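A quick write-up on the structure given underneath.
The structure presented is a predicted model; accordingly, all values stated were derived computationally and were not measured. No hydrogens, no waters, no symmetry mates; every other heavy atom, side chains included, goes into these values.
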Amino acid sequence: MVSIGTLVAYTMVAIAVLVTRYTPDVQSVTIDNDRNEKTNKWLKSICCRPGETEGKDELIPAVSYQQVQSNDEESSVVKTQPDEETSFRVRVGTFVLTLSITALTICLTRASSYLSRGEVWAILLCCIFGLMIVASLMFIMRQPRNSATFPFMVPGVPIIPAFTIFFNVLLLVTLNHWTYIRFSVWMALGLLVYFFYGYSHSTEAVKPNKRSEEEFILSQTPDFGKEVEEYPSHPEYNNSID
């Protein structure tokens with residue numbers, strides 16, 4: 001149960017990283033410089049000897065990061081920023097990539113005996129699914145990426161997420177079938193509890209009724225200036241002022 005849940009979560013994260021890098025209008029996340037500076041000082045105090053790094057921070061030049069622009073002749077024609085169309089293409093390519101990886105891992109695990117004997121149909125299926133993986137990766141790589149930056153960014157997109165999906169799905173395929181049965185039963189029970197109890201009793205679903213809203217709404221705004229003028233003056237208060 002723990003294994004299948006962890007592997008499914010890691011696979012979803014890899015797919016999300018792959019899709020997000022090609023999604024338009026993604027906001028960048030800035031780094032807290034004060035916290036980063038404190039972390040660097042703490043690491044230097046642990047890893048370096050006293051006085052070894054003194055005065056070296058000023059020698060490090062400031063580094064600025066800019067988006068790499070292509071110098072090809074087609075750079076003026078090819079899109080440099082993603083839009084809804086290119087994002088949809090990436091989602092389709094990611095879907096085909098995931099299906100191809102799943103089919104390839106099933107062939108490698110379930111038909112391993114046929115592959116070892118050199119069966120033509122098993123080798124042909126593996127080659128077809130492998131070509132589909134390569135084609136989907138090349139299709140995704142041709143799409144423009146967004147220029148959003150984060151404190152940590154996965155390098156080698158989409159290659160590293162594709163390898164992550166491959167190894168996670170490979171481990172998922174090798175699990176015992178009883179693991180999937182237990183996982184399905186617990187998922188069904190969890191969904192039943194959520195839809196029949198959690199959804200209706202959630203704090204997000206609690207909305208104020210019409211009566212409680214009207215209690216906090218003034219039906220008519222009073223004329224404060226008129227009330228001040230009509231309020232009689234107190235003689236003791238006037239004597240204290242004089």
Side-chain angles (χ1 to χ4, degrees), residues 2-33 35-37 39-40 43 60-109 125-175 183:
V2 177
S3 300
I4 189 172
T6 304
L7 291 174
V8 170
Y10 287 167
T11 305
M12 294 176 64
V13 169
I15 294 174
V17 169
L18 180 57
V19 173
T20 306
R21 193 64 62 88
Y22 297 90
T23 302
D25 302 328
V26 177
Q27 300 296 329
S28 300
V29 178
T30 58
I31 304 176
D32 190 356
N33 294 327
R35 183 179 299 178
N36 193 22
E37 184 178 356
T39 304
N40 291 335
L43 291 175
I60 302 176
V63 180
S64 60
Y65 298 93
Q66 298 180 355
Q67 186 178 4
V68 178
Q69 301 292 339
S70 177
N71 295 326
D72 298 335
E73 296 179 356
E74 298 179 357
S75 59
S76 60
V77 181
V78 179
K79 296 179 180 179
T80 58
Q81 291 296 329
D83 53 15
E84 294 298 332
E85 181 181 356
T86 58
S87 179
F88 177 75
R89 294 175 184 174
V90 171
R91 290 195 295 269
V92 173
T94 305
F95 179 74
V96 176
L97 174 66
T98 306
L99 287 182
S100 303
I101 289 175
T102 304
L104 179 61
T105 53
I106 292 175
C107 288
L108 292 176
T109 54
L125 283 178
C126 292
C127 292
I128 291 174
F129 294 133
L131 289 175
M132 290 178 63
I133 294 173
V134 174
S136 58
L137 284 175
M138 293 179 63
F139 178 76
I140 293 173
M141 293 175 65
R142 289 181 59 86
Q143 307 305 318
R145 304 183 186 181
N146 56 50
S147 56
T149 57
F150 301 93
F152 175 78
M153 299 180 66
V154 178
V157 176
I159 304 301
I160 291 181
F163 274 110
T164 304
I165 296 171
F166 174 79
F167 288 114
N168 289 334
V169 174
L170 181 62
L171 293 175
L172 284 170
V173 172
T174 57
L175 292 176
F183 179 76

Do [X] and [Y] make a side-chain contact, defined as non-hydrogen atoms from C-beta onward lying under 4.5 Å apart?
X      : Y      : answer
Leu18  : Ile15  : no
Leu108 : Cys126 : yes
Cys107 : Phe129 : yes
Leu137 : Val134 : no
Pro24  : Asn146 : no
Val90  : Thr86  : no
Thr149 : Val29  : no
Ile159 : Met141 : yes

Please confirm whether the backbone N or O of Val154 pairs with a side-chain atom of Arg21, one donor and one acceptor, at under 3.5 Å?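 Looks like yes, one N/O pair under 3.5 Å.
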For the pair Arg145 (side chain) and Val157 (backbone), establish whether a donor and an acceptor sit closer than 3.5 Å, ignoring hydrogens and angles.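 Between the backbone of Val157 and the side chain of Arg145 there is a qualifying donor-acceptor contact (under 3.5 Å).
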Can you confirm whether Tyr10 is buried at OH, in the sense that more than 12 heavy atoms of other residues, nucleotides or ligands lie under 6.0 Å from that atom?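 Incorrect, the count does not exceed 12.
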Taking atom CE as the centre, does Met153 end up with more than 12 heavy-atom neighbours from other residues, nucleotides or ligands that are less than 6.0 angstrom away?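 Correct, the count exceeds 12.
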Quick one: closest heavy-atom pair of [X] and [Y], and the distance?
X      : Y      : result
Ala14  : Pro161 : O-CB, 3.8 Å
Pro144 : Pro82  : O-CB, 3.6 Å
Ile133 : Ser136 : O-OG, 2.8 Å
Ile4   : Phe183 : CG2-CD1, 3.6 Å
Pro155 : Ile160 : O-CD1, 2.9 Å

Kindly compute the distance separating [atom1] ([X]) from [atom2] ([Y]), expressed to the nearest 0.5 Å.
X      : Y      : atom1 : atom2 : answer
Leu104 : Leu131 : CG    : CG    : 10.5 Å
Phe163 : Ile101 : CZ    : CD1   : 9.5 Å
Thr23  : Asp83  : OG1   : CG    : 11.5 Å

Test side chain to side chain contact (heavy atoms under 4.5 Å, CB included) on Val96 and Leu99 and set out the steps. CA-CA 5 Å; Val96 176; Leu99 287 182; 5.8 Å; no
Return the set of residues passing side-chain contact (heavy atoms from CB on, under 4.5 Å) with Ile106 (not counting sequence neighbours), or none when no residue passes.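 side-chain contact (heavy atoms from CB on, under 4.5 Å) list for Ile106, sorted by chain: Thr102, Arg110, Val173.
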Testing Leu171, Thr98, Asn168, Thr164 for side-chain contact (heavy atoms from CB on, under 4.5 Å) with Thr11, which one passes?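 With Thr11 as partner, side-chain contact (heavy atoms from CB on, under 4.5 Å) holds for just one option, Asn168.
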Residues forming a side-chain hydrogen bond (donor to acceptor under 3.5 Å, both in side chains) with Ser87, sequence neighbours excluded: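 In terms of side-chain hydrogen bond (donor to acceptor under 3.5 Å, both in side chains), with neighbours along the sequence ignored, Ser87 is linked to Arg91.
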